[in-house]
Amino acid sequence: MHFRPLHDRVVVRRIEAEEKTSGGIIIPDTAKEKPQEGEVVAVGPGARDDSGSLVEPSVKTGDRILFGKWSGTEVKIQGEDLLIMKESDILGVIETQAQLKQAA
């Protein structure tokens, strides 16, 4: 089975946060917050503007992103917990130094 999001929706896999603080303290599962960082798994074709033309999404599959704490709808697809959210719920894309050098 393959899942294809519609319009400006994006499927995201959460990236788990570190289980230790920088000081070496292990954080128990009950005290952890859900991570707000994820990897884009699938992207819809984009939204339509007022004139009806297609506006392509700014993110692509494989991008690491930050999203709001309460963003998206949690779903389970083929046994994997994922989020489906609108592109507007994404706060930004995390780029590595290597990606920034390639763009320059």
Side-chain angles (χ1 to χ4, degrees):
M1 178 174 87
H2 178 73
F3 182 81
R4 181 178 50 92
L6 300 176
H7 309 294
D8 64 336
R9 294 206 170 49
V10 178
V11 180
V12 176
R13 176 184 304 119
R14 287 186 194 267
I15 297 175
E16 293 301 319
E18 290 290 323
E19 297 190 11
K20 265 198 249 184
T21 65
S22 57
I25 299 171
I26 297 174
I27 302 169
D29 287 340
T30 54
K32 283 186 200 171
E33 288 192 16
K34 289 188 176 181
Q36 293 173 266
E37 186 176 331
E39 178 185 357
V40 176
V41 177
V43 181
R48 301 261 176 205
D49 63 12
D50 293 335
S51 65
S53 58
L54 189 66
V55 178
E56 291 192 25
S58 301
V59 296
K60 62 187 179 307
T61 302
D63 281 350
R64 286 178 68 115
I65 60 165
L66 291 177
F67 49 88
K69 187 177 248 181
W70 309 109
S71 298
T73 302
E74 294 181 354
V75 296
K76 189 170 274 208
I77 299 174
Q78 293 182 335
E80 184 175 14
D81 291 324
L82 300 170
L83 287 169
I84 298 176
M85 64 182 69
K86 286 188 160 245
E87 185 183 19
S88 59
D89 291 338
I90 297 173
L91 303 175
V93 177
I94 300 170
E95 296 177 332
T96 64
Q97 290 296 329
Q99 290 170 326
L100 293 173
K101 287 180 184 175
Q102 287 176 354

Quiz prompt | side chain to side chain contact (heavy atoms under 4.5 Å, CB included) between Met85 and Val12, worked out | solution = CA-CA 8 Å; Met85 64 182 69; Val12 176; 4.1 Å; yes
Practice problem: Mind listing the closest non-hydrogen atom pair of Pro57 and Gly46 along with its distance? | Solution: CD-CA, 3.9 Å
Quiz item: Between Asp89 and Lys86, is there a side-chain N and carboxylate O pair less than 4.0 Å apart?
Solution: no
Quiz item: For the atom pair CG (Asp81) and NZ (Lys76), what is the distance rounded to the nearest 0.5 Å?
Solution: 4.5 Å
Quiz item: Can you tell me how far the CG atom of Leu82 sits from the CZ atom of Arg14, to the nearest 0.5 Å?
Solution: 10.5 Å
Exercise. Would you name the heavy atoms of Leu6 and Pro45 that are closest together and state the gap between them?
Key: C-CD, 4.3 Å
Exercise. Working to the nearest 0.5 Å, report the span between CD of Glu56 and CD of Glu87.
Key: 10.5 Å
Quiz item: Are any non-hydrogen side-chain atoms of Glu39 and Ile15 less than 4.5 angstrom apart?
Solution: yes
Quiz item: Within the side chain of Asp63, is there an N or O that forms a donor-acceptor pair under 3.5 Å with the backbone of Ile65?
Solution: no
Practice problem: Please round to the nearest 0.5 Å and tell me the distance separating atom CD of Glu37 and atom CG of Leu91. | Solution: 11.5 Å
Quiz item: Going through the checks in order, is the side chain to side chain contact (heavy atoms under 4.5 Å, CB included) test met by Phe3 and Ile84?
Solution: CA-CA 11 Å; Phe3 182 81; Ile84 298 176; 3.6 Å; yes
Self-check item: Heavy atoms from other residues, nucleotides or ligands near CD of Glu80 exceed 12 (cutoff 6.0 Å)
Solution: yes
Quiz item: Any link between Ile90 and Val55 through a network of hydrophobic side chains (Ile, Leu, Val, Met, Phe, Trp, Tyr) touching at under 4.5 Å?
Solution: no
Quiz prompt | Verdict with reasoning, Leu54 to Arg48, per side chain to side chain contact (heavy atoms under 4.5 Å, CB included) | solution = CA-CA 5 Å; Leu54 189 66; Arg48 301 261 176 205; 3.8 Å; yes
